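To keep things clear, I will list the structure first and then write my remarks on it.
This structure is a prediction, so every number in the text was calculated from the model and none was measured. Naming convention: chains lettered A, B, ... in sequence-line order (proteins, then strands); numbering from 1 in each chain.
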Protein chains: 2
Amino acid sequence: MSSSLKDVAARAGVSARTVSNVVNGSARVSTQTRQRVQEAIDELGYRPNLAARNLRAGRTGVIGLAIPELHSPYFGELAGLLVDEARRRSWTVIIDQTHGDAEAERRLLTGDGGRAMDGLIISPWALEAQEVATTARPLPVVLLGERSPQGLADRVAVDNVAAADEATTHLLALGRRRVAAIGLQPHLHNGTAEQRAEGYRSALRRAGVTPKPRWERSVTSLHRQDGARAMAELLDGDDGDTPDAVFAFTDELALGALHMAHARGLRVPDDLAVVGFDDIEDSRFSHPTLTTVSPDKRQIAERALQCLADRIYSPENEVPALDLTIPHRLVVRGSTGPGAQAH
Amino acid sequence: MSSSLKDVAARAGVSARTVSNVVNGSARVSTQTRQRVQEAIDELGYRPNLAARNLRAGRTGVIGLAIPELHSPYFGELAGLLVDEARRRSWTVIIDQTHGDAEAERRLLTGDGGRAMDGLIISPWALEAQEVATTARPLPVVLLGERSPQGLADRVAVDNVAAADEATTHLLALGRRRVAAIGLQPHLHNGTAEQRAEGYRSALRRAGVTPKPRWERSVTSLHRQDGARAMAELLDGDDGDTPDAVFAFTDELALGALHMAHARGLRVPDDLAVVGFDDIEDSRFSHPTLTTVSPDKRQIAERALQCLADRIYSPENEVPALDLTIPHRLVVRGSTGPGAQAH
DNA sequence: ATGAAAGCGCTAACAC
DNA sequence: GTGTTAGCGCTTTCAT
């Protein structure tokens with residue numbers, strides 16, 4: 001098997017203590033001894049055993065990342081940024097996909113891993129934010145997304161209501177009046193959908209447009225095919241009152257809607273203007289390119305890790321839970337670009 | 001702090017041994033004792049400490065997953081499947097993004113983690129497969145992708161040459177003769193690009209078409225913008241000899257090419273037929289939908305985990321390294337669909 | 001500047 | 001069926 005600290009000590013003719021000091025660069029060791037120890041380390045190919053180190057230190061250097069789905073572009077991009085940022089801080093990331101399942105979300109929180117991690121970043125779908133916060137205790141947790149833990153834990157999110165309002169207002173400013181929304185999720189008490197719907201409605205009302213229930217389409221999940229299906233429902237309306245604009249609550253939904261619009265022979269943006277939410281990579285290359293709300297994902301990742309670091313390294317600072325709002329901006333592209341002005 | 005096995009033992013009035021047995025369900029324990037212990041566990045909210053368990057058992061229950069980039073759809077989808085499959089086998093996954101950087105790839109192999117994992121799944125970009133295999137020793141490793149470790153470790157991949165040949169042959173069968181390729185990476189000695197180029201050329205030759213250097217476009221990375229740039233180069237050819245078909249080595253490249261073709265006013269598939277590789281979700285909803293080579297990703301994930309499990313749990317079986325070829329199929333969609341027949 | 005030794009929480013070999 | 005005990009490899013007080 002592989003060699004231990006004791007082996008190194010024996011080989012270098014010093015005590016374990018000294019080897020430990022060399023490895024951790026902690027106390028002062030004479031240059032001569034250090035060199036001898038280093039040689040022994042190299043010769044033996046010694047690697048400190050993390051399990052033992054953690055057992056002693058009571059800290060693992062590992063954080064958990066619980067995310068609904070890795071394959072969706074938004075979460076894929078976010079996970080990538082979070083992993084990189086964690087690495088910068090010398091943390092290892094264990095990742096888990098919850099698929100929005102309550103049991104799966106609880107699994108990590110109840111420490112199924114057994115103090116296997118120092119902290120957790122979670123984007124809950126099924127669980128109430130408050131349940132997440134209380135269940136996790138005393139594990140430091142940062143929540144990502146719309147559901148507020150009401151001061152029981154740190155949270156990082158964009159202002160969804162404002163962002164949805166902006167997106168809708170943008171469509172209205174083009175002169176569109178029959179503005180539909182795709183992405184409600186009444187079966188989930190999902191803050192995301194609710195907040196975006198709220199922003200959508202408030203923008204309509206401010207413009208003097210009465211929200212129309214038929215134009216608010218629900219979806220089961222947030223993927224392209226759900227968007228395509230919802231778009232089909234909108235176009236199949238028998239009252240001939242089809243929308244001239246759509247605000248989709250995610251880019252994936254918007255791309256699905258775009259797909260269906262093409263299939264039905266609609267011209268985008270002339271016949272139908274479309275706005276999405278997330279600014280995933282695809283949206284910059286779709287046909288037409290997609291106007292979308294762009295949250296600052298990098299900042300989400302950085303702030304989330306910063307919060308976690310503060311909780312882990314300074315638990316004694318009983319700082320009240322933070323609620324960080326990350327900036328976003330509306331990126332105007334082809335799907336509402338030139339040609340989108342209503343006639 | 002949290003309670004230990006010893007605390008539980010004291011509270012239940014039994015020895016540590018018995019508690020351990022209850023927790024692990026190992027030896028037989030009288031129903032009465034078990035119940036008493038269970039109560040103590042519940043009351044104290046006891047959770048076994050993983051670090052200690054690992055230290056004893058010499059096994060961590062953790063596997064590593066080293067992937068170039070989480071944000072790219074192909075790797076995002078694959079990572080999702082791998083994580084789910086690992087979970088099914090009760091493994092925890094620590095994830096790392098290498099960004100195709102040699103140092104980053106080596107980091108995990110040299111056990112920077114310090115036996116922090118029982119095995120590793122890696123999709124190398126920078127490192128030679130053989131270096132990966134030898135550096136990792138004695139850590140069990142499964143390689144994903146095109147570079148062969150020459151029997152030094154297990155590998156799971158699709159037959160790239162055959163797949164690229166099929167894709168190209170499909171374009172030729174439509175009557176196209178000016179078939180370009182996008183995605184060569186001469187600066188990387190990347191098996192992927194080389195093998196796909198080989199399949200592309202062999203298909204051309206078999207059809208009596210002489211491969212033309214100008215039609216083989218190199219890219220820096222494999223993303224949409226690289227595909228768009230390469231497409232622009234092809235269309236900017238001053239000899240008027242522009243291609244009537246493109247085989248892109250990844251779907252992302254193909255989608256970028258599609259984007260540029262639209263921008264230049266080309267009709268796809270009429271003016272230009274396009275085939276990609278990977279079958280990412282976007283390709284089913286792009287405009288037009290993308291014909292692509294679809295590797296069986298789920299099977300890649302399952303087989304990779306199976307290999308790893310065999311090495312970890314039965315290291316004594318000195319089974320020679322496996323080289324598993326995963327099935328793929330050509331999925332024909334709009335980008336080479338009706339209308340693609342050459343005139 | 002270095003050594004000796006205790007002990008982190010757990011499992012398993014050995015008793016009974 | 002259950003108790004006792006010896007470490008797993010490391011860090012860290014207490015000595016020297």
Side-chain angles (χ1 to χ4, degrees), chain A residues 1-41 44-62 111-118 138, chain B residues 1-41 44-62 92 111-118 138-139:
Chain A
M1 268 303 286
S2 46
S3 44
S4 78
L5 192 151
K6 216 187 273 180
D7 301 329
V8 177
R11 177 152 195 138
V14 298
S15 82
R17 163 72 196 261
T18 305
V19 178
S20 177
N21 282 341
V22 170
V23 171
N24 299 299
S26 37
R28 297 170 311 194
V29 182
S30 76
T31 325
Q32 202 173 6
T33 318
R34 153 161 292 122
Q35 187 175 338
R36 204 143 37 89
V37 171
Q38 191 57 55
E39 277 168 17
I41 288 178
L44 267 46
Y46 166 74
R47 293 275 150 196
N49 179 317
L50 277 204
R53 181 175 283 177
N54 296 342
L55 180 56
R56 266 311 303 212
R59 216 175 254 162
T60 65
V62 172
D112 172 46
R115 324 191 211 352
M117 49 201 187
D118 298 338
Chain B
M1 270 304 284
S2 47
S3 42
S4 78
L5 193 152
K6 218 186 273 178
D7 301 330
V8 177
R11 174 148 195 142
V14 297
S15 81
R17 164 71 197 263
T18 305
V19 179
S20 177
N21 282 341
V22 170
V23 172
N24 299 299
S26 35
R28 297 172 310 196
V29 183
S30 77
T31 326
Q32 202 173 8
T33 317
R34 152 162 293 124
Q35 188 175 337
R36 204 143 38 89
V37 171
Q38 190 57 53
E39 276 168 18
I41 289 179
L44 266 46
Y46 166 74
R47 293 276 149 196
N49 180 318
L50 277 203
R53 179 176 286 175
N54 296 343
L55 180 55
R56 256 322 297 214
R59 215 174 256 165
T60 66
V62 172
T92 299
D112 172 45
R115 323 193 213 348
M117 49 201 186
D118 298 337
L139 183 75

Original post:
Just to confirm, is there a sub-4.0 Å distance from OP1 or OP2 of C/dG9 to any side-chain nitrogen or oxygen of B/Arg56?
Top reply: no

Original post:
Are any of A/Asn49's side-chain N or O atoms less than 4.0 Å away from OP1 or OP2 of D/dC8?
Top reply: no

Subject >> Between C1' of D/dG9 and CG of A/Asp7, the distance in whole Å >> reply: 10 Å

**OP:** Supply the atom-to-atom distance B/Arg56 CZ to A/Leu55 CG, rounded to the nearest 0.5 angstrom.
**Re:** 12.0 Å

Original post:
Under 4.0 angstrom, heavy atoms only, what part of the nucleic acid is B/Asn54 near: base, sugar-phosphate, or nothing?
Top reply: nothing

Subject >> From A/Ser4 atom OG to A/Leu44 atom CG, the distance as rounded to the nearest 0.5 Å >> reply: 9.0 Å

**OP:** Would you kindly give the CZ-to-P distance between B/Arg59 and C/dC10, to the nearest whole Å?
**Re:** 19 Å

Original post:
Between CG of A/Leu50 and CE of B/Met117, what distance do you get to the nearest 0.5 Å?
Top reply: 10.0 Å

Subject >> B/Arg59: partners by side-chain contact (heavy atoms from CB on, under 4.5 Å), with sequence neighbours left out >> reply: B/Asp118, B/Ile312, B/Tyr313

Subject >> B/Thr18 side, atom OG1; B/Leu5 side, atom CG - distance, nearest 0.5 Å >> reply: 9.5 Å

Original post:
Roughly how many Å is it from CG in B/Leu55 to C1' in C/dA12, rounded to a whole number?
Top reply: 14 Å

Original post:
What nucleotide among C/dT2, C/dT11, D/dC8 has an atom nearest to a side-chain atom of B/Asn24?
Top reply: C/dT11

Original post:
Within this structure, what is the CD1-to-P distance between A/Ile41 and D/dC10, rounded to whole angstrom?
Top reply: 10 Å

Subject >> Any side-chain heavy-atom pair of A/Arg53 and A/Asn49 under 4.5 Å >> reply: no

Original post:
What nucleotide among C/dC10, C/dT2, D/dT2 has an atom nearest to a side-chain atom of A/Thr33?
Top reply: C/dT2

**OP:** To the nearest Å, give me how far apart CG (A/Leu5) and C1' (D/dT11) are.
**Re:** 9 Å

Subject >> B/Asn54 side, atom CG; A/Thr60 side, atom OG1 - distance, nearest 0.5 Å >> reply: 11.0 Å

Original post:
Which ones in residues 11-21 of chain A lie close to DNA chain D, meaning a heavy atom under 4.0 Å from one of its atoms?
Top reply: A/Arg17, A/Ser20

Original post:
B/Lys6 NZ to C/dG7 P: how many Å, rounded?
Top reply: 9 Å

